[in-house]
Each structure stands twice: as C-alpha cells, then as structure tokens.
Amino acid sequence: MLNIVLFGPPGAGKGTQSEKIIAKYHLSHLSTGDLFRKHLGEGTDLGRLAKKYMDEGRLVPDEVVIGMVEDKITNSKDANGFIFDGFPRTVAQAEALDKLMRNNKLEISGMIALDVEEKILKERIRERGKTSGRTDDQDESKIETRIRVYLDETLPVAAYYEQQGKFTKINGVGTIEDIFGDIEKVIDKF
Ligand code: AMP
C-alpha cells in the first residue's frame, strides 16, 4: 500500500501532480485545503472556523486539521492508499499523522518534495488566481504570508521525514509531464 506525502510551498504544483499520481496509482486524495474549501462551500461549523485563517493565509489550528484528517482516514477503509496534499504542514501534524497511521496499521511510504523558487511560486499563484476563484490567490499580502508561513512552520516537516530516511526532493520546474516522470521514478522505488 502506498501512502505518499506530496510536499512543497503554495504554488509548487501539488494539486496538479496529485491528480496524475491518483490516475496512475489509484490512491485516495487527501487535500486538507480542498476539504476546508468544501466545508466552507457547505457552510459547516468547521468551514466557518477555518475561513478566518484561510482568508489571512495563516494555518488552521493543528487540532482542527488533525481531527478532520482522522475522520477522512477512518472513513476510507477501502482506500488503496493515500496521497497527502497540503498536509502535514507542521511537525505536530506530522507526529499526529504517524500515530494515526500506526493506529490504522498503515505507514507513510515517503515524502516527495517539489522544489520551486519563490519568484516562480508567486507568478504561478497570481496566474492561478485569475481562474481559481480563491481570494487567497489574488492578494499580494496573502500570497506573501502563505510563503512566510511555509518557510517558518512547514519547512521543518521536511527534516522530520528526512530523519526517517523518507525524504526525496525533486525539481518542481519544467513541464507537468517531465515533473511527473521524476515523481514516478521515486514512487516506483517505494
Ligand atoms: P491549500 O489549498 O493547501 O493552499 O490550503 C489553503 C489554506 O487552507 C491554507 O492557507 C490554510 O489556511 C488552510 N490549510 C490547508 N491545509 C492545512 C493544514 N494542513 N494545516 C493548517 N492549515 C491548512
């Protein structure tokens, strides 16, 4: 069973590459950003709680995110494996995920990190903002905050997986197909 953490800053291409990974390896997509947007759209309490953080480009509190992921994993018993996209975003989330995996007799196969320089990230996010309808993609200060939050709070998660010998970084700049080709090579070794 494959359980992959797809990692990288906002705009690195995690969503795009997740779709390709799912199509080939038939994994279940667990994108915490998508789940929050779904809750927001449905007007649930969780959506209302998450909104104020998302609007500012800040992280939703760990316990809220972890509870939502736990629900999703325990309700997807038939899954072939998971692709975690945009999660874990803090070391506390990574520790909680390990615990959750152990409790469900599962294991993280590895983390694949998409490496993209900041200037290109900002260009991609602005471009996505023209069609995504995401307010957090359309405001320079929100884009800036999300990248800062990534560097301060999320980057240590890479070291967490590196210590477990589960970290691979790949170049996230190039054609979608070439990047996916590099991802396939990594996954086929898991
Ligand atoms: P994303 O679609 O992954 O860029 O996420 C959009 C927003 O949802 C983020 O800026 C956060 O406010 C929130 N969010 C998504 N995933 C997480 C997470 N794992 N931890 C905390 N906040 C998250």
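Here the structure is a predicted model, which is why all the values come from computation and not from measurement.
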Ignoring hydrogens and angles, tell me if any N or O in the side chain of [X] forms a donor-acceptor pair with the backbone of [Y] under 3.5 Å.
X	Y	answer
S76	A79	no
K14	G86	no
R126	Q138	no
N104	L106	no
K166	I108	yes
N3	F82	yes
R102	E107	no

Can you give me the closest heavy-atom contact between [X] and [Y], atom names plus distance?
X	Y	value
F190	M111	CZ-N, 4.5 Å
N80	L27	O-CD2, 4.1 Å
P88	F7	O-CE1, 4.3 Å
M68	T32	CE-O, 3.8 Å

Q | Partner of I183 by side chain to side chain contact (heavy atoms under 4.5 Å, CB included), out of I4, D188, I112 | A | I112
Check whether more than 12 heavy atoms from other residues, nucleotides or ligands sit under 6.0 Å from atom [atom1] of [X], and answer yes or no.
X	atom1	answer
K38	NZ	no
I176	CD1	no
K122	NZ	yes

Q.
Can you tell me how far apart CE (M54) and CZ (R37) are? Round to the nearest 0.5 Å.
A. 5.0 Å
**Q.** Rounded distance (nearest 0.5 Å) linking atom CD of Q17 with atom CG of L6
**A.** 7.5 Å
Q: Inspect the contact between D136 and R146 and indicate whether a charged nitrogen and a carboxylate oxygen are less than 4.0 angstrom apart.
A: yes
(Q) Check R48 with D45, please: is the shortest side-chain N to carboxylate O separation under 4.0 Å? (A) yes
Q. Would K20 count as a cation-pi partner of F180, with NZ or CZ less than 6.0 Å from the six-membered ring centre and within 45° of the ring normal?
A. yes
Side-chain polar contacts of residues 147-157 - donor-acceptor pairs under 3.5 angstrom, sequence neighbours left out - could you list them?
from : atom 1 : to   : atom 2 : distance (Å)
R148 : NH2    : E118 : OE2    : 2.9
T154 : OG1    : R89  : O      : 2.8

Q) After noting the C-alpha distance and the side-chain angles of D98 and Q164, does the key distance pass the side-chain hydrogen bond (donor to acceptor under 3.5 Å, both in side chains) rule? A) CA-CA 11 Å; D98 269 348; Q164 297 186 9; 3.0 Å; yes
